[in-house]
Amino acid sequence: MSAVAINHLFGLPETIEKLIFPTSLPGEGNETRGGRNNNNNIPVDILESPKEYIFYIDIPGISKSDIQVTVEEERILVIKSNGKRKREDHDVSEEGCKYIRLERRLPQNLVKKFRLPEDADVEAVAAKYQDGVLTVTVGKVPPQPPKSKSVQIAVS
């Protein structure tokens, strides 16, 4: 049973759901600085449909060529980026110009990991990057109907 189904069944608030069903794997490759996880501020939405799982990750200002999406052993979806966000070139090279506030920063080495469910088809992973949003689609393996097996009864 999926986390979404259990959430609807028991009416769990979203904060409790995140504690019970963490989507990101803590301590597995997430870069840390000063003892805290720098990737927690990267928003991620995960949608489950009958045919697929869709991950929406906000990564604005990064070049598409700097983003890597892979599936590792043990059904782990890994999203990495070593790219730096480009700053607006508003004649900063001109003498006397400087940034007085920089809030739109991403971690230098973005690494997000997600454990895929058993019904995820790791061979059917697609990704697209548009308008600062990375969309990763993971297909589902169709459920196999239970097979009945006839057993011959030996007569002695």
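For Arg75 (side chain) and Val122 (main-chain N/O), no donor-acceptor pair under 3.5 Å exists by modelled atom type. Although no hydrogens or angles enter the test, the distance criterion places no donor-acceptor pair under 3.5 Å between the side chain of Tyr56 and the main chain of Leu47. A side-chain donor-acceptor contact under 3.5 Å links Lys140 to the backbone of Ser49.
In plain terms, the two heavy atoms of Val125 and Asp121 that are nearest each other are CG2-O, 4.1 Å. Nearest heavy-atom pair across Arg115 and Glu74 is NH1-O, 4.1 Å. Smallest separation of non-hydrogen atoms from Phe114 and Val44: CZ-CG1, 3.8 Å.
Counting heavy atoms from C-beta outward, Ile59 and Ile57 have side chains that approach closer than 4.5 Å. A heavy-atom distance below 4.5 Å is found between the side chains of Leu134 and Val69. Under the 4.5 Å side-chain criterion, counting only non-hydrogen atoms from C-beta, Asn82 is not in contact with Lys80.
Rounded to the nearest 0.5 Å, atoms OG1 (Thr135) and CG (Asp45) are 10.0 Å apart. In this structure, CD1 in Ile79 is found 8.0 Å from CG in Leu110, a value given to the nearest 0.5 Å. The structure places NZ of Lys128 at 11.5 Å from NZ of Lys64, a figure rounded to the nearest 0.5 Å.
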Kindly determine whether Tyr53 and Leu116 satisfy side chain to side chain contact (heavy atoms under 4.5 Å, CB included), including the steps that lead there. CA-CA 9 Å; Tyr53 295 98; Leu116 295 173; 5.8 Å; no
